[in-house]
Visitor: 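One structure, as structure tokens, below. Some questions next.
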Amino acid sequence: MYKLGLLGQGISYTLSPLVHGAIFDYLGVEGTYDVFDTPPESFSDTVKKMRETLDGFNVTKPYKEKIIPLLDEDKSGCGAVNTVAVKEGKAVGCNTDGSGFIRSFSEGWELGGGESVLVLGAGGAAKVVAKTLKDSGFEVYVHNRTAEKSKSLVRETGAREWRGGEAAAVVNCTSCGLKKGDNPLDSLGGALDLKKVAYAYDLIYSPPETDFLATLKKMGARTKNGLDMLIYQAVRADEIILGVSLTDGDYREIKRNVLRIAKA
């Protein structure tokens, strides 16, 4: 019986238990996946408990960077951990957001790898997305409401700071959009030519269509939310924690199963 979980704050909406349950079923293993919705004052104690009782766990907002000092080793390569494998008392941090994102971002879209992509946000998710896009050959720009955070992200990832103009794709890595009426495009102050955006991607998957996606869809962009990324990063995380190796076909079949269950 594998015991896994999710660490974060304000995450009662998460579909992660459903996703990992589908992965367990597909692999034919028994497992549980619990949600640890944790306030900051309980963070350290909760991590200690999870390390002692689980085989591994995922980490989401706002703890992807804060958890690193509490681990024995950080193999994320980006300073943001979303997966922790626990073996013989040793906790090792990894990051599967990048692989999950790029698999989802590229799937079904005609992207050659040299297009300009504007990343909105400067937190842990934006850092991973910007680095992954840069490593995949895209021309990456970043924008955040706080200019200093944008500059820091530029230094860490090799991306460029957004100065306005055109972008082939825009990726929202902020939490702006979880509430109706919130739109991260507002922070750009009209400095982006929306009619020239061909692709829009939002890491948010609940609601399934944010104002950000709705706005760019009306302008003619093709849009995706972050549900496929959630599924793909979860599959990769379970590969690491459970010590299994899956094919592209396995990934696609697991996604179909999750989407079928989610719609039921």
Side-chain angles (χ1 to χ4, degrees), residues 1-21 31-98 100-101 120-129 144-150 152-153 156 172-182 184 187 202-207 210 226 229-230 233-234 237-238 240-241:
M1 169 72 78
Y2 290 101
K3 295 182 179 180
L4 279 65
L6 176 66
L7 173 68
Q9 183 183 15
I11 53 172
S12 58
Y13 64 87
T14 183
L15 290 177
S16 289
L18 181 153
V19 174
H20 288 272
T32 60
Y33 193 93
D34 296 318
V35 176
F36 294 77
D37 199 332
T38 305
E41 60 271 20
S42 303
F43 174 62
S44 295
D45 289 342
T46 301
V47 172
K48 183 175 183 294
K49 175 184 176 182
M50 295 176 79
R51 287 188 52 156
E52 292 172 347
T53 60
L54 303 181
D55 298 296
F57 54 94
N58 297 114
V59 186
T60 188
K61 64 178 183 75
Y63 299 131
K64 291 184 179 183
E65 296 169 296
K66 295 178 182 177
I67 195 169
I68 292 176
L70 302 182
L71 303 177
D72 296 298
E73 187 176 357
D74 173 22
K75 289 185 176 181
S76 68
C78 60
V81 164
N82 84 316
T83 300
V84 178
V86 181
K87 189 173 183 179
E88 297 177 353
K90 185 178 181 180
V92 178
C94 306
N95 193 294
T96 66
D97 283 332
F101 166 75
L120 303 179
K127 184 188 302 184
V128 172
V129 166
N144 189 65
R145 291 178 185 272
T146 305
E148 184 50 45
K149 288 186 177 180
S150 291
S152 176
L153 189 60
E156 291 182 56
N172 178 37
C173 299
T174 76
S175 60
C176 185
L178 287 170
K179 296 180 181 178
K180 191 68 177 173
D182 289 344
S187 70
D202 201 327
L203 267 61
I204 294 171
Y205 62 84
S206 181
T210 58
M229 175 183 170
L230 174 76
Q233 64 80 23
D238 285 356
I240 293 170
I241 294 172

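Every value quoted in this text rests on a predicted model; they were computed, and no experiment measured them.
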Visitor: Restricting to ring-ring contact (aromatic ring centres under 6.0 Å, His included), what partner residues turn up for Tyr33, sequence neighbours left out?
Guide: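 Listed in chain order: His20.
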Visitor: Quick one: side-chain contact (heavy atoms from CB on, under 4.5 Å) partners of Thr53, sequence neighbours excluded?
Guide: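 Expected list: Lys49.
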Visitor: For Gln9, what residues pass the side-chain hydrogen bond (donor to acceptor under 3.5 Å, both in side chains) criterion, not counting sequence neighbours?
Guide: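 Gln9: no side-chain hydrogen bond (donor to acceptor under 3.5 Å, both in side chains) contacts found.
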Visitor: Who passes side-chain contact (heavy atoms from CB on, under 4.5 Å) against Leu178, sequence neighbours left out?
Guide: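 Testing Leu178 for side-chain contact (heavy atoms from CB on, under 4.5 Å), a comparison that skips the adjacent residues, returns Ser175, Ile204.
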Visitor: Is any side-chain heavy atom of Asp72 closer than 4.5 Å to a side-chain heavy atom of Arg51?
Guide: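 Of all side-chain heavy-atom pairs linking Arg51 with Asp72, at least one is under 4.5 Å.
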Visitor: Looking at Lys127 and Asp97, is any side-chain nitrogen of the basic one under 4.0 Å from a carboxylate oxygen of the acidic one?
Guide: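 Salt bridge between Asp97 and Lys127, a charged N being under 4.0 Å from a carboxylate O: no.
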Visitor: Using the side-chain hydrogen bond (donor to acceptor under 3.5 Å, both in side chains) criterion, which residues pair with Ser152? Sequence neighbours excluded.
Guide: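 For Ser152 the side-chain hydrogen bond (donor to acceptor under 3.5 Å, both in side chains) partners, ignoring immediate neighbours, are Glu156.
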Visitor: I'd like to check the ring-ring contact (aromatic ring centres under 6.0 Å, His included) partners of Phe43; sequence neighbours left out, ordered by chain and number.
Guide: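 For Phe43, the residues satisfying ring-ring contact (aromatic ring centres under 6.0 Å, His included) (neighbours in sequence not counted) are Tyr63.
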Visitor: Could you pull out all donor-acceptor pairs under 3.5 Å where a side-chain atom in residues 11-18 meets a protein atom, sequence neighbours excluded?
Guide:
residue: Thr14; atom: OG1; partner: Ser16; partner atom: N; Å: 3.0
residue: Thr14; atom: OG1; partner: Ser16; partner atom: OG; Å: 3.1

Visitor: Side chains of Leu153 and Asn144: does their closest heavy-atom pair fall under 4.5 Å?
Guide: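 Counting from C-beta outward, Leu153 and Asn144 never come under 4.5 Å.
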Visitor: Which pairs of donor and acceptor atoms, one on a side chain in residues 86-93, lie under 3.5 Å apart (sequence neighbours left out)?
Guide:
residue: Lys90; atom: NZ; partner: Glu73; partner atom: OE1; Å: 3.4

Visitor: Could you pull out all residues at least two apart from Lys3 that satisfy side-chain hydrogen bond (donor to acceptor under 3.5 Å, both in side chains)?
Guide: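 Checked Lys3 against side-chain hydrogen bond (donor to acceptor under 3.5 Å, both in side chains); zero matches.
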Visitor: Can you list the residues that meet the ring-ring contact (aromatic ring centres under 6.0 Å, His included) rule with Phe101, with sequence neighbours excluded?
Guide: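 With sequence neighbours excluded, Phe101 shows a ring-ring contact (aromatic ring centres under 6.0 Å, His included) to Phe105, Tyr201, given in chain and number order.
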Visitor: Could I get the full list of side-chain contact (heavy atoms from CB on, under 4.5 Å) partners for Ala80, not counting sequence neighbours?
Guide: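 Ala80 satisfies side-chain contact (heavy atoms from CB on, under 4.5 Å) with Lys64, Glu65, Cys78, Asn95, Val128 only.
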Visitor: Would you indicate whether the side-chain heavy atoms of Val19 and Leu230 approach each other to under 4.5 Å?
Guide: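 The answer is yes; the side chains approach within 4.5 Å.
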Visitor: Just jot down the side-chain hydrogen bond (donor to acceptor under 3.5 Å, both in side chains) partners of Thr32, sequence neighbours excluded, or say none.
Guide: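 Per chain and number, Thr32 pairs via side-chain hydrogen bond (donor to acceptor under 3.5 Å, both in side chains) with no residue.
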